[in-house]
S.K.: 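Okay, handing you the structure first.
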Amino acid sequence: MTIALPKGRIAEDVLAIFKKIFNEDFEFESRKLILKKAGFTFLNVRNWDVATYVEKQAADIGVVGYDVITELRSDVLELMDLGLGKCRVSVGGIKGDDSYKNKSEIVVASKLANIAKDYFSKQGIPAEVIKLNGSIELAPLVGLSDVIVDIVETGSTLRENGLEEKEVIMHSSARIIANKNSFLTRKKEILSLIEKIKEVNGA
Ligand code: PRP
């Protein structure tokens, strides 16, 4: 079975779960992108690419943030909430300044452009969404946008830049997702792994 993991902290946390299950060391060697152990093949993938690997069946299952699968509208099965990487997707803006609420059209900067568009359109608020790739908090500080829609975890990036969380759009955490075909052909294997993960993850 092939498992796509997002690089970074969540990858480490997930490999630690496998370490607990199999009582063996699970770790990617320094620059290696593939790790084979105990009958599993782990892929070290960029966060935003995990759902693509799973959707196209280059991996059978994967671990990815709920925010990412929502934004990408990925055609995958969501099997389990790992409870890791908890964060919110929120509207943020200049502290103490709510003037965006009175505008006829709000300019929003975001990496999560679909989530941002859906959120404002559902409320009937006209919004122009400017898609950025990172350092989103900069946009309202230099007048590129009125507000941002971004991930908030501790809130320190907002605070340190004179911004504040205005509205919470959704809560997110890491999910185990599966390719739809793989789930049919390897159902037993996948479900037994999920059971083992639940046991050690205290879910
Ligand atoms: C994310 C997010 C915020 C920050 C939130 O950025 O876009 O900037 O983390 O975390 P906090 O609430 O704990 O401060 P990331 O570090 O992924 O980098 P990016 O700016 O390249 O998106």
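Counting starts at 1 for both ligands and their atoms, following the listed order.
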S.K.: Which residues pass the salt bridge (Lys or Arg N to Asp or Glu O under 4.0 Å) test with R31, sequence neighbours left out?
M.R.: none
S.K.: Taking any residue with a non-hydrogen atom under 4.0 angstrom from an atom of ligand 1, which ones do you get?
M.R.: K111, G134, S135, E137, D150, I151, V152, E153, T154, G155, S156, T157
S.K.: Would you call the rings of F40 and F18 parallel, tilted or perpendicular if under 30° counts as parallel and over 60° as perpendicular?
M.R.: perpendicular
S.K.: Who pairs with S156 by side chain to side chain contact (heavy atoms under 4.5 Å, CB included), at least two apart in sequence or on another chain?
M.R.: T154, R159, E160
S.K.: Contact between F28 and L15 at the side-chain level, heavy atoms closer than 4.5 Å - yes or no?
M.R.: yes
S.K.: Name the atoms and distances for all side-chain donor-acceptor pairs under 3.5 Å in residues 91-99, with sequence neighbours left out.
M.R.:
| residue | atom | partner | partner atom | Å |
| --- | --- | --- | --- | --- |
| D97 | OD1 | S99 | N | 2.9 |
| D97 | OD1 | S99 | OG | 2.6 |
| D98 | OD1 | K166 | NZ | 2.8 |

S.K.: Can you confirm whether more than 12 heavy atoms, excluding those of K131, are under 6.0 Å from its NZ atom?
M.R.: yes
